[in-house]
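What follows is a short report on a single structure.
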There are 2 protein chains.
Amino acid sequence: MAEDRRTRRSRRALGAALVELVLERGFTALTVEDITERADVARATFYAHFRDKEDLFARVTADLLTELGERLAPAVADSAVGFTGKPVLEMLRHAREERDLYRIVLRGEGDGKPLQMFVDACARATAEEFRARAERNAVKPRIDPELLARVWVGEQLAVLRWWVEQDAPSLPAEEVVRMLLDLAMRGRYWASGFEPPA
Amino acid sequence: MAEDRRTRRSRRALGAALVELVLERGFTALTVEDITERADVARATFYAHFRDKEDLFARVTADLLTELGERLAPAVADSAVGFTGKPVLEMLRHAREERDLYRIVLRGEGDGKPLQMFVDACARATAEEFRARAERNAVKPRIDPELLARVWVGEQLAVLRWWVEQDAPSLPAEEVVRMLLDLAMRGRYWASGFEPPA
DNA sequence: CAGTTACTGAACAGTCTGTATGGCATTGAT
DNA sequence: ATCAATGCCATACAGACTGTTCAGTAACTG
């Protein structure tokens, strides 16, 4: 008796309706009635489950993040060196499956706070990872790790966003990850086709 | 008789009020009355100038973009190689002067569409620049220029966002640009302190 | 100074919100 | 199969915000 079937049905329908509609018209343009209508649910029922539409949105994205976290955990444990390998690949795969939701979140829809939080968390973790790695290998960073972390996160995010927004994905996930790895190792100058400088 | 002084006064006050309030409470939380109250202007006057609050926001950001464009033009002409040098520096300076507005825009406040447009425009221009440069120097890109452009823009934007959000700027603009240049030339691996791979 | 133009304050209908209600239908457990 | 519990529905309501209109007043330009 974990949960009443009706409850589950309503919640699911409302979540799905939200995603559809945000994609069609954008979050701010939506009214609660739009959502309940699409979900084929009474407006009163909406308020029985969620405080307002931002609440619904918050829960939907929170679920997505939890799911992502669960899928990422083993990949992170595997890849001792850093994040750029398996974890990113795993994220791209997740993004492929949940494409609609990823698009919405990455567009910063719904005041964009879930996205900001996620980015900041990533950036902090990454900066820490960079520092730890430098320590471990007894090397001195040539660039402020804080800045470097922002660059890294911004980069991954930009690629993810671009990849998810394409109508027909021009590159498979594996290919994208390979390019990102090359880029990290050898720099953008090399990537453009030039020989590395002296 | 370019413009009535009262008109100018009202518009300015409303724009300034918007910026203040968005920073304090976020765009979506604001009502038109909040804005007119802060600006000390009648609500009816607001509608004499702007269709709604998104209209006001759009104009304010459009002005900012125009200003940026004017400041960037000479810098772009100067730096024949690409964007990473003078233009970025100039943008950072502009961002320092208009810090509040930059913060708002970069947070994707107000449905974030102005930001998206700007980013997409940058990405397209950058991709084109990369292609042209490769052609000019007769080298073959080792990574899809489209992806590379997204990476570059995402990177600059992340840094800019980080730089503008800091309470006390930890690095001067010149320093940031230097680091970005190094990063572009030698890659993140090098930046972390490691010797370049074979 | 005079004519023009912008601002003000008030009022209006319309939309959306969030809450409350009592009757009805589905559900899960016995 | 039955029953008590619980979620759903339709409806209604006050309150907030929107966008428009208008007549009176003040400020500006030339």
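As the structure is a prediction and not an experimental result, all values here were calculated from the model. Here is the naming used below: chain letters follow the sequence lines, and residue numbers restart at 1 for every chain.
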Taking only the side-chain heavy atoms of [X] (C-beta and beyond), determine which of [options] contains the nearest atom.
X: T31(B); options: dA6(C), dC7(C), dC17(D); result: dC17(D)
X: R43(B); options: dA6(C), dG19(D), dC8(D); result: dG19(D)
X: S10(A); options: dC9(D), dC8(D), dC28(D); result: dC8(D)

Nearest-nucleotide 5' precedence on DNA chain C, V32(A) against A44(A):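 Nearest nucleotide further toward 5': that of V32(A).
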Gap between atoms [atom1] and [atom2], on [X] and [N] respectively (whole Å):
X: E37(B); N: dG9(C); atom1: CD; atom2: P; answer: 12 Å
X: D4(A); N: dA4(D); atom1: CG; atom2: C1'; answer: 13 Å
X: R9(A); N: dG28(C); atom1: CZ; atom2: P; answer: 13 Å
X: I35(A); N: dG18(C); atom1: CD1; atom2: C1'; answer: 14 Å
X: L30(A); N: dT15(C); atom1: CG; atom2: P; answer: 18 Å
X: E33(A); N: dG14(C); atom1: CD; atom2: P; answer: 17 Å
X: E3(A); N: dT27(C); atom1: CD; atom2: C1'; answer: 13 Å

Determine whether a donor-acceptor pair (N or O, by modelled atom type, separation under 3.5 Å) exists between the side chain of [X] and the backbone of [Y].
X: R142(A); Y: F194(B); result: yes
X: R99(B); Y: V164(B); result: yes
X: R150(A); Y: W162(B); result: no
X: S10(A); Y: R6(A); result: yes

Quick one: the side chain of R6(A) and the base of dT26(C), do they pair up donor-acceptor inside 3.5 Å?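 For R6(A), whose side chain was compared with the base of dT26(C), there is a donor-acceptor pair (under 3.5 Å).
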Closest nucleotide of DNA chain D for Y47(B) versus for R11(A): which of these residues is on the 5' side?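 With Y47(B) and R11(A) compared, the 5'-side residue is R11(A).
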Report which part of the nucleic acid T45(B) touches: base, sugar-phosphate, or nothing (heavy-atom distance under 4.0 Å, all strands). base
Donor-acceptor list for residues 23-32 of chain A side chains, cut-off 3.5 Å, not counting sequence neighbours:
residue : atom : partner : partner atom : Å
E24(A)  : OE1  : R38(A)  : NH2          : 3.1
E24(A)  : OE2  : R38(A)  : NH1          : 3.1
R25(A)  : NH1  : D34(A)  : OD2          : 3.3
T31(A)  : OG1  : E33(A)  : N            : 3.3
T31(A)  : OG1  : D34(A)  : N            : 3.0
T31(A)  : OG1  : D34(A)  : OD2          : 3.3

Sub-4.0 Å heavy-atom contacts from residues 50-57 of chain A onto DNA chain C, ordered by number: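 Within this stretch, D52(A) sit under 4.0 Å of the strand.
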Verdict with supporting geometry, S170(A) and Q166(A), side chain to side chain donor-acceptor pair (under 3.5 Å): CA-CA 8 Å; S170(A) 61; Q166(A) 284 180 309; 3.0 Å; yes
